[in-house]
Every structure is written in structure tokens, then in C-alpha cells.
Q: 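Before I ask anything, let me first share the structure, which is written out below as C-alpha cells.
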Amino acid sequence: EAKAKGKGTFSHFNAEMNNRLEHRSLIETELRRAQTALEQFEIWLQPQIDLKSGRVVGAEALIRWRHPKLGLIHPDEFIYIAESTGLIIPIGDWLIESVCRHLVDWSADLPSQFHIAINISAKQLYRQNTCEKIVEMLDKHNLAANRLHVEVTESLLIKNERKAQQYLKSLSDAGVQVWLDDFGTGYSSLKYLRQFSFDGVKIDRDFIRDIDTDTYDQALSGAIISMANDLGMSVVAEGIETATQEAFLKTKSCNIGQGYYYSKPLTTDAFRDRYLTENTIAKTTLALVKM
Ligand code: C2E
Ligand code: MG
Ligand code: MG
Ligand code: MG
């Protein structure tokens, strides 16, 4: 340590590296422990809004880890570790099953057009037959396949394009929509559009953030939307935070919006109370009238 101190910035670097490694190994240890107690994980839902009608047409499931001591941990802090240790498999399975269970529990209150989108990572796609599992799970819970969307990123497709294509096609064939997430941030987005038949693309928040003032971002997001629409794909704009961002995207005929402007991700209870009760009330009233 004395040596390291003498090296100025290097010691600072080492200390930081050390902290990061310690943090990583803490998360990893805790993650292994949590795997046996999956109830520490929670599904949070963020609504997706049809920009024309203003209606909620679905939600994205975003995982959270409620650690008894460390508090609420966001996916960017643990998904990559879960991915490299393989723990993503049990966690991912848990997520898929829980999403299905919520869809079943809420089925009486769900609008006919309502989906939950889940994110799957590389290890899930390749190491285990996750796609087959997803279809089995839908079957088991007697859910229509269009209730579920799957979001994948380019980085996941690169690893083995042929296999990815085969797996994702099995989802499409079963009626599950497959979406390309974080569109525009990868290396060869256009190539993948050509090669895979996605049902839709999600424009990354990076392109939306400065859309009010940045003419390049306006041009790029406008071009992405019209290209996607020409190719018969739907478009979700991620990270909408203001009315002016929404207004611009509407003029470009973007189909769906998602972002803090509408709502931050919510716990499943909060989501149900906020977005599925109107229906509940309407139905309850109807039932009372009938009586
Ligand atoms: P993503 O799939 O691109 O999800 C969008 C992220 O943007 C979410 O962060 C969401 O909370 C955030 N976001 C949405 N609207 C806004 C906005 O208006 N402003 C800002 N600043 N942020 C917004 P989150 O929940 O932290 O998730 C981060 C990433 O973690 C996700 O990016 C996804 O790649 C991954 N992830 C989340 N849940 C899962 C999961 O169950 N499995 C896997 N494999 N990955 C997951
Ligand atoms: Mg996503
Ligand atoms: Mg995204
Ligand atoms: Mg992302």
C-alpha cells in the first residue's frame, strides 16, 4: 500500500478499482444468496402509451432487487453480474413466470389490447431454451401469445446470429412479438432490421433526450420512425420526459411513447391501481346495474 501511495494517480486508480471489485463481489455474493430467495426480486411496470389515443396499450417489465440491507437495487447494477455468473437463468425464469401470473390475475381488468414486454439477455437466449419456455409458460397459464412482447438488444444478436434468428423466429411463430431495444445505439442496426423480422423497434432514449433543440436528433428520430413504419414495424420512443418531446414525436407519427412524462416504473400494485382500476370501476358499476 505504501508503494501504491507513492504513485499518485495510480493509487487513486487502484483504490477505485478495489472499491469496484469489492462492490462487484459483494453484489455477486448477495446475488447467489438471493437466488435461493427469489422473493427479493420485484417486477416494476412502466406504461406504454398509444400516442394517437393516449391510451395505455401495455407496459415494460423492469426488474428491481429489494435487498434487505442494501435497499432497492436497479438492474444496471446487477443484471450484468447475473449474466456473467449464470444467475440470470433462475432470475429470468422467475420474471417470466411472475409476469404471466400477473397477466392471469389481472385478466378480468385488462383491455383487449394490452401486453407486457420483458427484456431478455444473451445468456437467456442462448444457454437455455428460454424461447421454448416462454411459449410453454403462456400455454400453461392459458394466455394469448400477444399478451407478451420480448425485447432484445443488438449486442445479444451479434453472438450467434443464426441461432438468435432461429430462437426468435420460434417466438414470432408462436405469436409473441419480438422488439429491438435501444435502437440506434449499436453497430449495425440496419443490418439487423434486414435480417430479423422484428415487430417493432424502440428508439433509444439517447435520441429523444435533446430532441427539443437538437436538429440532428430530430432528423434521426424522424428518419427511424418513417423507415420503421415503411417496413411495417411499430415504434416505441423511450425516455419521453416532456410534452414538447411527445408533440414532436406525434408529428412524426411515432406509434407509442414510454417515459417519465407519463410515469416512472411502478410497483405492480401501484400500476394496477393507477391504470387498471378505471376498467375495474366500469365493470363493477355494470355488475351493480345488472343486479
Ligand atoms: P431498457 O430495457 O432500455 O429499459 C429502459 C430504462 O430506461 C429503464 O431503466 C427505465 O426505468 C428507464 N427510463 C424509462 N423512461 C425514462 C425516462 O423518461 N427518463 C429516464 N432517465 N429513464 C427512463 P431500468 O429499469 O433501470 O433498466 C435498465 C436496463 O436494465 C433496461 O434497459 C434493460 O436493458 C435492463 N433490464 C431491466 N429489467 C430487466 C430484466 O428483467 N431482464 C434483463 N435481462 N434485463 C433487464
Ligand atoms: Mg427494454
Ligand atoms: Mg431500451
Ligand atoms: Mg437500455
Side-chain angles (χ1 to χ4, degrees), residues 27 31 34 38 40-49 58-66 71-100 102 115-128 130-131 133-134 148-157 159 177-186 189 198-212 221 224 234-246 249 256-268 270-271:
I27 294 282
L31 209 49
L38 286 166
Q40 284 181 12
F41 294 97
E42 296 178 5
I43 292 169
W44 287 45
L45 295 171
Q46 187 177 34
Q48 298 184 328
I49 281 77
E60 179 175 10
L62 297 157
I63 197 166
R64 302 284 182 263
W65 177 16
R66 195 179 293 281
L72 195 67
I73 307 176
H74 283 240
D76 286 337
E77 264 198 81
F78 69 88
I79 287 291
Y80 75 101
I81 300 174
E83 174 80 9
S84 72
T85 54
L87 293 168
I88 192 71
I89 299 295
I91 295 170
D93 284 352
W94 168 85
L95 183 116
I96 296 161
E97 173 111 54
S98 319
V99 163
C100 287
H102 278 101
H115 63 263
I116 295 183
I118 61 171
N119 296 280
I120 63 168
S121 57
K123 198 151 273 173
Q124 283 178 281
L125 183 66
Y126 296 111
R127 266 264 294 255
Q128 194 205 25
T130 299
C131 296
K133 264 209 169 147
I134 289 172
L148 213 61
H149 290 188
V150 167
E151 297 183 3
V152 296
T153 57
E154 266 176 56
S155 59
L156 164 159
L157 305 173
K159 308 214 165 165
Q177 289 200 12
V178 181
W179 284 63
L180 186 56
D181 203 354
D182 302 346
F183 184 77
T185 58
S189 308
F198 294 107
D199 294 282
V201 296
K202 299 187 76 174
I203 308 179
D204 195 76
R205 186 165 81 240
D206 264 7
F207 292 97
I208 309 298
R209 192 180 300 116
D210 302 320
I211 215 173
D212 287 347
S221 51
I224 293 172
S234 198
V235 184
V236 169
E238 293 188 317
I240 299 179
E241 295 188 353
T242 68
T244 46
Q245 289 171 339
E246 183 198 60
L249 291 160
I256 298 169
Q258 186 182 339
Y260 294 173
Y261 175 58
Y262 311 102
S263 170
K264 291 199 165 176
L266 301 167
T267 62
T268 49
F271 184 88

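Counting starts at 1 for both ligands and their atoms, in listed order. The model shown is predicted, which means the values in this text are computed figures rather than measured ones. Note that the numbering runs from 1 along the sequence shown for the chain.
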Q: Give the atoms of ligand 1, by number and element, whose distance to some non-hydrogen atom of Q46 is under 4.0 Å.
A: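 Those qualifying, in numeric order: 14 (C), 15 (N).
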Q: Ignoring hydrogens, just give me the one of T185, L125, N119 whose non-hydrogen atom is nearest atom 46 (C) of ligand 1.
A: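 Minimum heavy-atom distance to atom 46 (C) of ligand 1 goes to N119.
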Q: Which class fits the ring pair W94 and F41: parallel under 30°, tilted 30 to 60°, perpendicular over 60°?
A: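 Ring orientation of W94 relative to F41: tilted.
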Q: Considering all heavy atoms of both residues, which atom of R64 and which atom of P265 are nearest to each other, and what is their separation?
A: NH2-CG, 3.6 Å
Q: What atom name does the N, O or S atom of D182 nearest to the Mg ion (ligand 3) carry?
A: OD1
Q: Below a 4.0 angstrom heavy-atom separation, can you tell me which part of K202, side chain or backbone, both or neither, approaches ligand 1?
A: neither
Q: Are any non-hydrogen side-chain atoms of F183 and V235 less than 4.5 angstrom apart?
A: no
Q: With a cutoff of 4.0 Å, is K264 in contact with ligand 1, counting heavy atoms of the residue only?
A: no
Q: Could you list the atoms of ligand 1 found under 4.0 angstrom from a heavy atom of D76?
A: 28 (C), 29 (C), 30 (O)
Q: Of all N, O or S atoms in D181, identify the one at the shortest distance from the Mg ion (ligand 3).
A: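 Nearest N/O/S atom of D181: OD1.
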Q: Does the shortest distance from the Mg ion (ligand 2) to an N/O/S atom of N119 fall below 2.8 Å?
A: yes
Q: Can you list the atoms of ligand 1 that are under 4.0 Å from a heavy atom of G259?
A: 15 (N), 18 (O)
Q: Does ligand 1 have an atom under 4.0 Å from some heavy atom of E83?
A: no
Q: Any nitrogen or oxygen of I63 lying under 3.5 Å from a nitrogen or oxygen in ligand 1? Just yes or no.
A: yes
Q: Looking only at N, O or S atoms, which one in E60 sits nearest to the Mg ion (ligand 2)?
A: OE2
Q: Please test Q48 against Q258 for side-chain hydrogen bond (donor to acceptor under 3.5 Å, both in side chains), starting from the C-alpha separation and ending with a verdict.
A: CA-CA 5 Å; Q48 298 184 328; Q258 186 182 339; 2.8 Å; yes
Q: Give the name of the N/O/S atom in E151 that lies closest to the Mg ion (ligand 2).
A: OE1
Q: Should Q124 be listed as contacting ligand 1, given a heavy-atom distance under 4.0 Å as the test?
A: yes
Q: What is the name of the N/O/S atom in E238 that sits closest to the Mg ion (ligand 3)?
A: OE2
Q: Could you check Y260 against Q46 for side chain to side chain contact (heavy atoms under 4.5 Å, CB included), going step by step and ending with a plain yes or no?
A: CA-CA 9 Å; Y260 294 173; Q46 187 177 34; 3.9 Å; yes
Q: Would you say ligand 1 has an N or O under 3.5 Å from any N or O of Q258?
A: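 For ligand 1, there is no N or O atom that lies under 3.5 Å from one belonging to Q258.
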Q: Quick one: pull up CD1 in I118 and CH2 in W179 and give me the separation to the nearest 0.5 Å.
A: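 Here the rounded value is 15.0 Å.
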Q: Any idea which heavy atoms bring I208 and E238 closest together, and the distance?
A: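 Heavy atoms of I208 and E238 come nearest at CG1-O, 3.2 Å.
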Q: Check each heavy atom of L95 against ligand 1 and say whether those closer than 4.0 Å belong to the side chain, the backbone, both or neither.
A: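 Side chain only.
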Q: Closer than 4.0 Å to some heavy atom of E238 - which atoms of ligand 1 meet that?
A: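 Answer, ordered by atom number: 3 (O).
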Q: Which value, rounded to the nearest 0.5 Å, describes the distance between K202 atom NZ and N119 atom CG?
A: 6.5 Å
Q: Between D182 and ligand 1, which residue portion shows a heavy-atom distance shorter than 4.0 Å: side chain, backbone, both, or neither?
A: side chain
Q: Hey, mind stepping through T185 and D204 against side-chain hydrogen bond (donor to acceptor under 3.5 Å, both in side chains) and telling me if it holds?
A: CA-CA 7 Å; T185 58; D204 195 76; 4.7 Å; no
Q: Which pair of non-hydrogen atoms, one from Y261 and one from E241, has the smallest distance, and what is that distance?
A: CB-C, 3.4 Å
Q: Taking all heavy atoms of L125 and all of T130, pick out the closest pair and write down the distance.
A: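 What the structure gives for the nearest pair is N-OG1, 4.4 Å.
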Q: Any atoms of ligand 1 less than 4.0 Å from a non-hydrogen atom of P75? List them with their elements.
A: 24 (P), 25 (O), 26 (O), 27 (O), 28 (C), 30 (O), 36 (N), 37 (C)
Q: For ligand 1, which part of S121 has a heavy atom less than 4.0 Å away: the side chain, the backbone, both, or neither?
A: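 Answer for S121: both.
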Q: Taking distance alone, with no angle check, do E241 and ligand 1 share an N/O pair under 3.5 Å?
A: yes
Q: Please lay out, stage by stage, how I27 and W65 fare under the test side chain to side chain contact (heavy atoms under 4.5 Å, CB included).
A: CA-CA 11 Å; I27 294 282; W65 177 16; 4.0 Å; yes
Q: What part of D204, side chain, backbone, both or neither, has a heavy atom within less than 4.0 angstrom of ligand 1?
A: neither
Q: Are the side chains of S234 and Q177 in contact, using a 4.5 Å heavy-atom criterion?
A: no
Q: Given side chains that start at C-beta, do those of L45 and L266 come closer than 4.5 Å, heavy atoms only?
A: no
